[in-house]
Amino acid sequence: MTPNTARRNETSRRAILTAAFDLLQEVGYAKVSIEGIATRAGVGKQTIYRWWPSKGAVIFDAFLLLSEGAEGEPPTLPDTGDLVADLSLVLRATVEEMNDPRYEQPMRALATEITLDPELAAAYAQRLDGPLREAKRQRLRSAQQAGQLADDLDLDVAVDLIWGPVLNRWLYRSGPLTTEYADRVVATALDGLRPRRPAAHGMPA
């Protein structure tokens with residue numbers, strides 16, 4: 001592939017992903033079509049199908065483009081030594097992202113497609129969710145090593161306990177998704193995750 005061809009391909013790819021994202025905002029996921037994306041991007045349908053197998057796959061890559069660098073360096077979580085502060089910061093940022101109108105439609109569309117398309121679900125797990133989960137596990141592993149969490153804590157279950165309530169509330173619209181709620185989730189999860197300390201004077205804990 002020549003440099004000019006590579007540049008044209010990248011220009012077309014970005015035009016397609018931008019068109020998909022713009023149409024999501026304008027007409028909603030149900031009305032977005034490959035034909036509509038192609039028309040908006042100024043390319044043929046064949047160009048889209050050469051790079052993506054489905055509308056859901058296009059939306060996934062559009063979301064990654066919107067996320068700016070989601071496939072670059074491996075994600076990391078802040079590690080200041082203060083577990084409560086670090087997790088609260090991350091969960092608050094997650095809440096703000098989920099409430100951002102730019103992200104809501106792509107994320108809801110992606111969540112729908114993942115339940116219906118096993119190949120897209122596998123791509124999501126490999127390219128986005130997997131690296132993010134490992135970053136979350138690593139932050140909790142660091143807390144374990146610092147004696148802030150139980151040594152035998154199942155880190156995968158802990159990740160689900162901390163991030164799961166926020167995702168479920170957003171996905172099912174079961175209540176207001178606020179930073180205060182994020183703080184309560186962190187506090188509630190860590191109260192049950194901290195190692196037990198023996199009570200003073202030999203009294204049972």
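Throughout, residue positions are numbered sequentially from 1 according to the sequence presented. Remember, it's a predicted structure, so these values are computed and weren't measured experimentally.
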Item to check | Nearest atoms (heavy-atom pairs only) where M98 meets W170 | outcome: O-NE1, 3.4 Å

Checklist entry - Which residue pairs satisfy the salt bridge (charged side-chain N to carboxylate O under 4.0 Å, His left out) criterion with at least one member in residues 156-168, sequence neighbours excluded? => result R133-D156, R133-D160, R137-D156

Checklist entry - Is the shortest distance from a Lys or Arg side-chain nitrogen in E96 or R92 to a carboxylate oxygen in the other one below 4.0 Å? => result no

Checklist entry - Is it true that a side-chain atom of Q144 and a backbone atom of D151 form a donor plus acceptor pair closer than 3.5 Å? => result yes

Item to check | Nearest atoms (heavy-atom pairs only) where V185 meets I162 | outcome: CG1-O, 3.2 Å

Next on the checklist: side chain to side chain donor-acceptor pair (under 3.5 Å) for R141 and Q138? Distances and angles first, verdict last.
Outcome noted: CA-CA 5 Å; R141 191 176 296 119; Q138 181 54 44; 2.7 Å; yes

Next on the checklist: Test of understanding: clusters of I, L, V, M, F, W, Y form through side-chain heavy atoms closer than 4.5 Å, transitively. Do L24 and L116 belong to the same one?
Outcome noted: no

Item to check | For T39, all residues meeting side-chain hydrogen bond (donor to acceptor under 3.5 Å, both in side chains), sequence neighbours excluded | outcome: none

Item to check | Gap separating the CG atom of L17 from the CG atom of D22, nearest 0.5 angstrom | outcome: 11.0 Å

Checklist entry - Quick one: does F21's side chain get under 4.5 Å of P106's, heavy atoms only? => result yes

Checklist entry - Taking all non-hydrogen atoms of both residues, which atom of R108 and which atom of L171 are closest, and how far apart? => result NH1-O, 3.3 Å

Checklist entry - Is there a donor-acceptor pair closer than 3.5 Å between any side-chain N or O of T188 and the backbone N or O of R184? => result yes

Checklist entry - Mind checking whether F63 and L128 have side chains closer than 4.5 Å, heavy atoms only? => result yes

N/O donor to acceptor pairs below 3.5 angstrom from side-chain atoms of residues 48-55, sequence neighbours left out:
{"from": "W52", "atom 1": "NE1", "to": "D61", "atom 2": "OD2", "distance (Å)": "2.7"}
{"from": "S54", "atom 1": "OG", "to": "A57", "atom 2": "N", "distance (Å)": "3.2"}
{"from": "K55", "atom 1": "NZ", "to": "Y29", "atom 2": "O", "distance (Å)": "3.1"}
{"from": "K55", "atom 1": "NZ", "to": "V32", "atom 2": "O", "distance (Å)": "2.8"}

Please list, one pair per line, the donor and acceptor atoms closer than 3.5 Å that link side chains of residues 84-91 to other protein atoms, with sequence neighbours excluded.
{"from": "D86", "atom 1": "OD1", "to": "T80", "atom 2": "OG1", "distance (Å)": "2.9"}
{"from": "D86", "atom 1": "OD2", "to": "T80", "atom 2": "N", "distance (Å)": "2.8"}
{"from": "D86", "atom 1": "OD2", "to": "T80", "atom 2": "OG1", "distance (Å)": "3.4"}
{"from": "D86", "atom 1": "OD2", "to": "R139", "atom 2": "NE", "distance (Å)": "3.2"}
{"from": "D86", "atom 1": "OD2", "to": "R139", "atom 2": "NH2", "distance (Å)": "2.9"}
{"from": "S88", "atom 1": "OG", "to": "V84", "atom 2": "O", "distance (Å)": "2.8"}

Item to check | Which atom of M107 lies closest to which atom of E97, heavy atoms considered | outcome: CE-O, 3.8 Å

Item to check | Minimum-distance pair of heavy atoms, taken over all atoms of P75 and P131 | outcome: CG-O, 3.5 Å

Next on the checklist: If I take atom CG from residue L65 and atom CD1 from residue I16, how far apart are they, to the nearest 0.5 angstrom?
Outcome noted: 11.5 Å

Checklist entry - Would you say I37 and R40 make side-chain contact, with heavy atoms under 4.5 Å? => result no

Checklist entry - Among all residues two or more places apart in sequence or in another chain, which pass the side chain to side chain contact (heavy atoms under 4.5 Å, CB included) test with A146? => result Q148

Next on the checklist: With rounding to the nearest 0.5 angstrom, report the CG to CZ distance, L132 to R127.
Outcome noted: 13.0 Å

Checklist outcome for this item: Note: A158 and L153 closest approach over all heavy atoms is CB-CD2, 3.9 Å

Next on the checklist: Contact between R169 and Y181 at the side-chain level, heavy atoms closer than 4.5 Å - yes or no?
Outcome noted: yes

Kindly list each side-chain donor-acceptor pair under 3.5 angstrom involving residues 117-126, sequence neighbours excluded, with atom names and distances?
{"from": "D117", "atom 1": "OD1", "to": "E119", "atom 2": "N", "distance (Å)": "3.0"}
{"from": "D117", "atom 1": "OD1", "to": "L120", "atom 2": "N", "distance (Å)": "3.1"}

Checklist entry - Quick check: does any side chain N or O of E35 sit under 3.5 Å from a backbone N or O of K45, one acting as donor and the other as acceptor? => result no

